[in-house]
Amino acid sequence: MAAVSDRLPAFPWDKLEPYKKTAAAHPDGIVDLSVGTPVDPVPQLVRQALIDAADSPGYPTVWGTKELRDAITGWLRGRLGASAAEHRNVLPVVGSKELVAWLPTQLGLGAGDKVAYPRLAYPTYEVGARLCGAEAVVYDDPTELDPAGVGLLWLNSPSNPTGKVLDKDELVRIVAWAREHGILLFSDECYLELGWEAEPVSVLHDDVCGGSYEGIVAVHSLSKRSNLAGYRAAFVAGDADVLGELLEIRKHGGMMTPAPVQAATVAALGDDLHVAEQRGRYAARRAALRTALEAHGFRVEHSEASLYLWVTRDEPCWDTVAHLADLGILVAPGDFYGEAGARFVRVAFTATDERVEAAVKRLG
């Protein structure tokens, strides 16, 4: 047990605990902007679908129901522009973090292989490499990597933590490079429906992949778009051969999305109204926090999409964390996402309107 855990970095959020205590001591309470966890209600139609499917005594299938696969492929075609999507191109997963962490292991990667991901990135990409014993390598531009030994290439657009979006031309170039070198490309697109100053594009869009999913897979989650983080509702889509192999492995491992969650996912993917309503909530919170942070002396970089503002006062990130904690505001230090973030902090706008208003007042 210890041998496996010893491969992993220290859990970064534990380092925030002293600052959380400071922020919590504020007379008006803490404003926690450190984690992008939804706080708004689960849409009623999704809850009703979950209730209606609650009498599910049998085992669900790993591949999901026909209704779920229909819902996913329909969404892929209508929302992502992936006109060739069929059932064999989709696979439900038990939340996207599980998929990210265990994907290199399930792909059979190990010592001598490389897992590549952006220099500033979600920490679980590195965790996935470490769990299987592969080498974790970071990049600024993936096409500048030495392709030798790269068994898995991660893209993340819109980015967590920076909110940066890769445009269509960049995606076309990267997909072509990965295919030229026989490198499997997984694109984490969990924030795709949360573009503010840019319109994110999927690697599965016909204009990016040419209508073929060879060598590419996209990762999607309903946690952010539909407030379903507690449901662990997510899926991957793309190369049928890759997903077929993952399906076989995951069947042996019993990695099944619960049947009521599958039904809830069908309802969520079939409704655009709740997505638009939630975007409206986030847009208002984002605008209020951005204005307040800039007036307080922060500079916002990227942040054209996702649920975060990537900001700096040109000082070490932990100094910024301490300064904001004294105001009762908790944020995530940029070095959680790589050394390149050492002078930035990530500010989530996934707090209630009341807490966002409190943060704005304190920053003023």
Val217, Leu166: one ILVMFWY side-chain cluster at the under-4.5 Å cut-off?
no

At their closest point, which heavy atom of Pro41 faces which heavy atom of Asn227, and how far apart are they?
O-ND2, 3.1 Å

Asp167 backbone acceptor or donor facing Glu170 side chain under 3.5 Å:
yes

Identify which one of Val261, Val62, Thr61 satisfies the side-chain contact (heavy atoms from CB on, under 4.5 Å) criterion when paired with Met256.
Val62

Quick one: does any side-chain atom of Glu67 pair with a main-chain N or O of Ala263 as donor and acceptor, under 3.5 Å?
no

Looking only at heavy atoms, the pair that brings Thr22 and Ala325 closest together is CG2-O, 3.7 Å

Tell me if a side-chain donor or acceptor on Asp239 pairs with a main-chain N or O of Gly215 at a distance below 3.5 Å.
yes

Is a side-chain donor or acceptor of Arg279 paired with a backbone partner of Trp196 at a separation under 3.5 angstrom?
no

Going by atom types alone, do Asp188 and Tyr125 pair a side-chain donor with an acceptor below 3.5 Å?
yes

Do the two ring centres, one from Trp318 and one from Tyr19, sit under 6.0 Å apart?
yes

Arg69 side chain to Gly64 main-chain N or O, any donor-acceptor pair under 3.5 Å?
yes

Suppose we screen for ring pair (Phe, Tyr, Trp, His ring centres under 6.0 Å). Which residues come up paired with Tyr213, at least two apart in sequence or across chains?
none

Arg225 and His274, any side-chain heavy atoms less than 4.5 Å apart:
yes

Is there a side-chain contact between Phe186 and Val100 (heavy atoms, below 4.5 Å)?
no

Is the Tyr191-Tyr308 ring centre distance short of 6.0 angstrom?
yes

Please give me the minimum heavy-atom distance between Pro260 and Ala54, naming the atom from each residue.
CG-CA, 4.3 Å

Leu309-Val39 co-clustered via ILVMFWY side chain contacts under 4.5 Å:
no

Greater than 12 external heavy atoms within 6.0 Å of Trp75's CH2
yes

May I ask you to test the Leu155-Pro142 pair for a side-chain heavy-atom distance under 4.5 Å?
yes

Lys/Arg-Asp/Glu bridge criterion (N-O < 4.0 Å) met for Asp28, Lys361
no

Hydrophobic clustering (ILVMFWY, side-chain heavy atoms < 4.5 Å, transitive) - are Leu228 and Leu194 grouped together?
no

How many angstroms lie between atom OG of Ser187 and atom CG of Leu153, to the nearest 0.5 angstrom?
9.5 Å

Can you tell me which residue pairs pass the salt bridge (charged side-chain N to carboxylate O under 4.0 Å, His left out) test with a partner in residues 92-115, sequence neighbours excluded?
Glu98-Arg250

Are side-chain heavy atoms of Val42 and Tyr231 found at a separation under 4.5 Å?
yes

Show your reasoning for whether side-chain contact (heavy atoms from CB on, under 4.5 Å) applies to Asp353 and Glu357.
CA-CA 6 Å; Asp353 292 342; Glu357 182 180 353; over 6 Å; no

Tell me whether His205 contacts the main-chain N or O of Asp207 through its side chain, where contact means a donor paired with an acceptor under 3.5 Å.
yes

State the CD-CZ distance between Glu126 and Arg7, to the nearest 0.5 angstrom.
13.5 Å

Between Leu16 and Pro333, which heavy-atom pair has the shortest distance, and what is it?
CD2-CD, 4.0 Å

In Å and rounded to the nearest 0.5 Å, what is the CD1 to CH2 distance from Ile249 to Trp102?
13.0 Å

Side-chain H-bond candidate by donor/acceptor type, Gln262 with Thr257, under 3.5 Å:
no

Gap separating the CG atom of Leu192 from the OG atom of Ser306, nearest 0.5 angstrom
12.0 Å

Angle class for the Phe349/Tyr282 ring planes (parallel below 30°, perpendicular above 60°, tilted otherwise)?
perpendicular

Backbone of Asn160 reached by a side-chain donor or acceptor of Asn156 within 3.5 Å:
yes

Does Glu17, at its CD atom, have more than 12 non-hydrogen atoms belonging to other residues, nucleotides or ligands within less than 6.0 Å?
yes

Arg79 and His220, any side-chain heavy atoms less than 4.5 Å apart:
no

Is there side-chain contact between Ser159 and Leu120, with heavy atoms separated by less than 4.5 Å?
no

Just do the side-chain contact (heavy atoms from CB on, under 4.5 Å) check on Leu324 and Leu327 with the steps written out, would you?
CA-CA 5 Å; Leu324 291 173; Leu327 298 177; 4.2 Å; yes

Side chains of Leu76 and Asn89: does their closest heavy-atom pair fall under 4.5 Å?
no

So CG of Leu293 and CZ of Arg313: to nearest 0.5 Å the spacing works out to 10.5 Å

Looking at Glu277, I want to see if its CD is surrounded by more than 12 non-hydrogen atoms of other residues, nucleotides or ligands under 6.0 Å.
yes

Same cluster or not: Val331 versus Val311, using hydrophobic residues (I, L, V, M, F, W, Y) connected whenever any side-chain heavy atoms lie under 4.5 Å apart?
yes

Basic-acidic side-chain contact under 4.0 Å: Asp70, Lys66
yes

So Cys317 and Val345, side-chain contact (heavy atoms from CB on, under 4.5 Å) or not? Walk me through it.
CA-CA 6 Å; Cys317 61; Val345 296; 4.3 Å; yes

Step by step, work out the side-chain contact (heavy atoms from CB on, under 4.5 Å) result for Arg88 and Leu243.
CA-CA 8 Å; Arg88 65 195 188 98; Leu243 299 191; over 6 Å; no

For a quick test of reading the model, state the closest non-hydrogen atom pair linking His26 to Gly328 and the distance between them.
CB-CA, 3.8 Å

Salt bridge check, Arg343 against Glu301: does any charged N sit closer than 4.0 Å to a carboxylate O?
no

Give a yes or no on whether Leu246 and Val219 share a hydrophobic cluster (residues Ile, Leu, Val, Met, Phe, Trp, Tyr; joining criterion: side-chain heavy atoms under 4.5 Å apart).
yes

Between Pro118 and Val138, which heavy-atom pair has the shortest distance, and what is it?
O-CG1, 4.1 Å

Can you check whether Val300 reaches Glu294 side chain to side chain, under 4.5 Å on heavy atoms?
yes

Hey, is CG on Asp55 packed in by over 12 heavy atoms from elsewhere, all under 6.0 Å?
no

Please check if the side chain of Ser226 supplies one atom and the backbone of Pro43 the other of a donor-acceptor pair under 3.5 Å.
no

Check: Cys209 main-chain N/O paired with Arg179 side-chain donor or acceptor under 3.5 Å:
yes

Gap separating the OG1 atom of Thr352 from the CZ atom of Arg285, nearest 0.5 angstrom:
6.5 Å

Return yes if some donor-acceptor pair links the side-chain N/O of Thr312 with the main-chain N/O of Arg299 below 3.5 Å, else return no.
no

